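In what follows, a structure is listed as structure tokens, so that the remarks can point back to it.
Computed from heavy atoms alone, side chains included, the values below leave out hydrogens, waters and symmetry copies. Everything numeric here is computed off the predicted structure, so don't read it as measured data. Here is the naming used below: chain letters follow the sequence lines, and residue numbers restart at 1 for every chain.
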Number of protein chains: 2
Amino acid sequence: MERMSRNIGLQLKKIRKERSLSLDEVAKATDVSKAQLAQIEKGEANPTVSTIWKIAAGLKISFSSLLQPPKIHFQKYSVDSSTYVSEENGKYRVYSIIPYDPERGWEFYKIEMDPGVIHKSEAHTEGVVETITVFEGQAVILCGEMKEQLMEGETLVFSANQPHQYENPTNSVTVLYLIIQYR
Amino acid sequence: MERMSRNIGLQLKKIRKERSLSLDEVAKATDVSKAQLAQIEKGEANPTVSTIWKIAAGLKISFSSLLQPPKIHFQKYSVDSSTYVSEENGKYRVYSIIPYDPERGWEFYKIEMDPGVIHKSEAHTEGVVETITVFEGQAVILCGEMKEQLMEGETLVFSANQPHQYENPTNSVTVLYLIIQYR
DNA sequence: CGATTTTGTTTAATATAGTATACAGTCGTC
DNA sequence: GACGACTGTATACTATATTAAACAAAATCG
């Protein structure tokens with residue numbers, strides 16, 4: 001959520017240092033207060049579009065140069081209770097491994113299906129692609145005309161722009177990994 | 001300045017209408033209040049990066065899809081007193097025709113130089129290119145080793161990453177047009 | 001039709017982004 | 001080493017972004 005603010009701060013500081021400007025100078029050039037600039041650089045602020053505009057205009061740079069994340073970059077995610085959702089009376093369990101990020105454009109889930117469970121999904125918007133890998137057990141995937149049975153280790157990629165469903169036809173738990181790519 | 005906000009509003013409304021969602025639905029998906037969404041769509045708001053983030057994440061879209069201006073687009077500028085700056089005791093007059101815009105990346109000036117005036121400029125950052133056209137009179141441009149005399153109708157393009165100067169060697173007013181391209 | 005739900009707008013209250021000011025540490029320069 | 005100019009930081013205050021709720025205008029459905 002506030003990763004964006006941190007990025008902006010890092011980029012701003014980087015550009016400022018490259019040009020060896022002081023906070024005062026940037027404040028004068030951009031008409032944004034020194035205090036606010038300091039907070040933005042430290043990632044402790046949540047700036048407004050108009051402030052970002054003023055910074056970009058004052059420094060004669062583009063938006064992307066402020067928004068783009070630093071080259072070297074790593075991020076660690078962990079699955080906890082907050083990332084867990086269950087449906088079908090607890091027989092269909094979803095763990096968010098990597099949540100959606102506007103920069104990235106896709107999200108990553110782990111799904112556990114109890115025996116016999118059928119889960120239905122609405123159509124996504126045009127251009128959404130799902131990639132399902134069966135890690136344990138088997139799964140039957142339906143989407144429009146398509147009906148595919150996936151065995152352990154198999155992967156299916158399909159456009160999810162119509163209603164679709166996942167089914168576990170076996171007598172044991174099935175574990176899937178699901179990547180949803182938007183647009 | 002608030003052109004950006006208007007763009008975001010238009011894009012948001014466009015996407016929302018494409019998917020035929022109500023403000024309430026978007027509010028629920030993004031965790032941004034309905035009132036705020038309405039204001040943003042009307043361009044009457046100045047949202048925070050975190051709000052934009054929440055909107056992008058909730059709608060599963062990228063930043064660029066929110067920030068990018070609508071395809072057909074026009075803008076009219078006019079030269080008024082607020083765009084006018086004079087230096088060298090009024091003998092060097094600058095009119096901002098098109099101010100810098102982070103989306104565009106360049107700005108456009110008209111300059112009037114009285115006879116004999118010499119105007120010095122600091123070095124710009126790496127990658128800045130100036131394009132000078134003499135509309136009336138003559139001008140001598142110096143930048144590093146370069147020294148060029150421009151006659152009426154001639155244009156000079158040069159990298160402005162070192163201190164440079166413009167001079168009017170004639171007995172009458174010289175009028176120049178100047179485009180500064182950043183990065 | 002009239003009742004009920006859904007739409008977007010407006011209002012008042014709250015949270016917080018933004019500013020201006022004062023502060024403390026650093027760097028020269030004499 | 002004291003002075004001044006300049007750096008970034010912390011504070012109190014103001015402006016405003018954001019929310020929650022009430023509102024009005026359609027749309028839906030019997």
Side-chain angles (χ1 to χ4, degrees), chain A residues 1-61 63 65-67 70 102 122-123 125, chain B residues 1-59 61 63 66-67 70 82 100 102 122-123 125:
Chain A
M1 174 131 73
E2 76 293 330
R3 234 207 38 231
M4 194 78 261
S5 308
R6 194 157 50 249
N7 282 355
I8 295 177
L10 289 173
Q11 287 300 122
L12 173 54
K13 186 157 198 170
K14 180 163 163 291
I15 293 170
R16 184 170 70 87
K17 288 304 180 187
E18 277 173 8
R19 304 188 183 176
S20 55
L21 298 169
S22 72
L23 286 177
D24 268 306
E25 291 173 304
V26 175
K28 193 161 57 63
T30 61
D31 203 38
V32 173
S33 74
K34 182 167 62 159
Q36 183 68 354
L37 289 171
Q39 291 232 336
I40 292 174
E41 284 194 354
K42 284 188 279 187
E44 296 170 356
N46 180 16
T48 291
V49 296
S50 83
T51 349
I52 298 176
W53 176 278
K54 286 197 283 186
I55 293 175
L59 260 36
K60 309 294 159 96
I61 56 180
F63 284 106
S65 52
L66 277 179
L67 299 181
E122 288 306 307
T125 61
Chain B
M1 174 131 70
E2 76 293 331
R3 236 211 30 234
M4 194 79 263
S5 308
R6 193 156 54 248
N7 282 355
I8 295 177
L10 291 172
Q11 287 299 123
L12 173 55
K13 186 156 198 170
K14 181 164 162 288
I15 293 170
R16 184 170 71 86
K17 288 304 181 190
E18 277 173 7
R19 304 188 184 177
S20 54
L21 298 169
S22 71
L23 286 177
D24 268 305
E25 291 173 302
V26 175
K28 193 161 57 63
T30 61
D31 203 38
V32 173
S33 74
K34 182 167 61 160
Q36 183 67 355
L37 289 172
Q39 292 232 338
I40 292 175
E41 284 194 354
K42 283 188 280 185
E44 296 170 354
N46 180 15
T48 290
V49 296
S50 83
T51 345
I52 298 176
W53 176 279
K54 287 196 284 187
I55 293 175
L59 260 36
I61 57 180
F63 283 105
L66 277 179
L67 299 181
S82 71
Y100 179 79
E122 287 308 306
T125 61

Rounded off to whole Å, could you give me the CG-to-P distance for the A:Leu37 and C:dA20 pair? 12 Å

Sequence neighbours excluded, which residues qualify as side-chain hydrogen bond (donor to acceptor under 3.5 Å, both in side chains) partners of A:Thr125? none

Got a sec, which residues hit side-chain hydrogen bond (donor to acceptor under 3.5 Å, both in side chains) with B:Gln39, two or more places apart in sequence or on another chain? none

Just to verify, what does A:Glu18 make a salt bridge (charged side-chain N to carboxylate O under 4.0 Å, His left out) with, not counting sequence neighbours? A:Lys14

Salt bridge (charged side-chain N to carboxylate O under 4.0 Å, His left out) involving A:Lys60 - partner list, sequence neighbours excluded: B:Glu107

Residue pairs meeting salt bridge (charged side-chain N to carboxylate O under 4.0 Å, His left out), one or both in residues 24-33 of chain B, sequence neighbours left out, come to B:Asp24-B:Lys34

Evaluate the side-chain contact (heavy atoms from CB on, under 4.5 Å) criterion for residues A:Thr30 and A:Leu37: first the C-alpha distance (whole Å), next the side-chain angles of each, then the deciding distance (0.1 Å), finally the verdict. CA-CA 10 Å; A:Thr30 61; A:Leu37 289 171; 4.3 Å; yes

Paired runs of 3 or more consecutive Watson-Crick or G-U pairs involving DNA chain C, with both pairing distances under 3.5 Å, are C:1-6 with D:25-30, C:8-17 with D:14-23, C:19-23 with D:8-12, C:25-30 with D:1-6

Spell out protein contact along nucleotides 7-23 of chain D as letters: B when the base is contacted, S when just the sugar-phosphate is, - when no protein heavy atom is under 4.0 Å; keep the 5' to 3' order. BBBB------SBBB---

Checking B:Ile15 now: which residues fulfil side-chain contact (heavy atoms from CB on, under 4.5 Å) with it, not counting sequence neighbours? B:Arg19, B:Leu59, B:Ile61

Taking side-chain contact (heavy atoms from CB on, under 4.5 Å) as the test, write out the residues that go with A:Ala38, two or more places apart. A:Leu23

